[in-house]
Amino acid sequence: MKQTLPVPTEVVQQLAEYFSLLSEPMRLRLLHSLRDGEKCVQELVEATQTSQANVSKHLKVMWQAGILSRRSKGTSAYYRVEDKMIFELCNQVCDCLASRLEQQARNFRV
């Protein structure tokens, strides 16, 4: 039987930090809003129906992690998803959750 090699602590830490970015519902809402492409902060405030300060705080966290890119135009800041793999990851998790819920529903009916 093949033995699994230990994962270096630094790798585990980086992985945990990446997943922690997705543990905040507002960040998931912002990512969903950015799925169609680049948006300015005001558009994201309207889409998420929250304060500009809250949106900016979460955008900064994702930008610093390299998930988003940012550009300025006049007095506006525009964000877009740089790490497109994040959508694949979210889709896989959603598919898994949907399958689990369907199974629970089948069990409930029985």
Q. Does the side-chain hydrogen bond (donor to acceptor under 3.5 Å, both in side chains) test come out yes or no for Glu17 and Gln13, once each step is laid out?
A. CA-CA 6 Å; Glu17 288 173 11; Gln13 183 63 35; 3.0 Å; yes
So salt bridge (charged side-chain N to carboxylate O under 4.0 Å, His left out) across residues 74-83, not counting sequence neighbours, yields Arg80-Glu82
* Asked: Can you find a heavy atom in the side chain of Arg106 that is under 4.5 Å from one in the side chain of Glu102?
  -> yes
Between the OG1 atom in Thr75 and the CD atom in Gln42, the distance rounded to the nearest 0.5 Å is 10.5 Å
Determine, using the 4.5 Å side-chain heavy-atom cutoff (strictly less than), whether Leu22 and Met85 are members of one ILVMFWY cluster. yes
Inset, instruction - Starting from the C-alpha separation in whole Å, work towards a yes-or-no answer on side chain to side chain contact (heavy atoms under 4.5 Å, CB included) for Leu28 and Cys90. - result: CA-CA 9 Å; Leu28 293 173; Cys90 288; 4.3 Å; yes
*asked:* Test side chain to side chain contact (heavy atoms under 4.5 Å, CB included) on Arg70 and Tyr78; report intermediate values, then the result.
replied: CA-CA 6 Å; Arg70 179 185 190 271; Tyr78 290 81; over 6 Å; no
In this structure, CH2 of Trp63 is separated from CD1 of Ile67 (nearest 0.5 Å) by 13.5 Å
| Distance-only donor-acceptor check, side chains Arg100 and Gln103, under 3.5 Å | no
To the nearest 0.5 Å, atom OG1 of Thr50 lies from atom CZ of Arg29 at 7.0 Å
With hydrophobic residues grouped by side-chain heavy-atom distances under 4.5 Å, do Leu89 and Leu34 end up in a single group?
yes
Output, in order, the C-alpha distance, side-chain angles, deciding distance and verdict of side chain to side chain contact (heavy atoms under 4.5 Å, CB included) for Val41 and Ser76.
-> CA-CA 7 Å; Val41 173; Ser76 296; over 6 Å; no
Can Ser69 and Arg71 be counted as having a side-chain donor-acceptor contact under 3.5 angstrom?
-> no
One should read off an interatomic distance between Glu38 CD and Leu68 CG, to the nearest 0.5 angstrom, of 11.0 Å
In this structure, CD1 of Ile86 is separated from CE of Met62 (nearest 0.5 Å) by 8.0 Å
Given side chain to side chain contact (heavy atoms under 4.5 Å, CB included), test Lys39 with Tyr79 step by step and report yes or no.
CA-CA 6 Å; Lys39 290 191 175 53; Tyr79 288 86; over 6 Å; no
For a 4.5 angstrom cut-off between non-hydrogen side-chain atoms, does Thr48 reach Met26? yes
Of all heavy-atom pairs linking Leu44 and Ser33, the shortest is CD2-CB, 3.6 Å
| Under 4.5 Å between side-chain heavy atoms, hopping through other hydrophobics if needed: is there a path connecting Val61 to Phe87? | yes
Quiz item: When you look at NZ of Lys84, are more than 12 heavy atoms from neighbouring residues, nucleotides or ligands closer to it than 6.0 Å?
Solution: yes
Note: with side-chain heavy atoms under 4.5 Å as the link, the other cluster members for Val12 come out as Val7, Val11
To the nearest 0.5 Å, atom CD of Gln52 lies from atom NZ of Lys57 at 12.5 Å
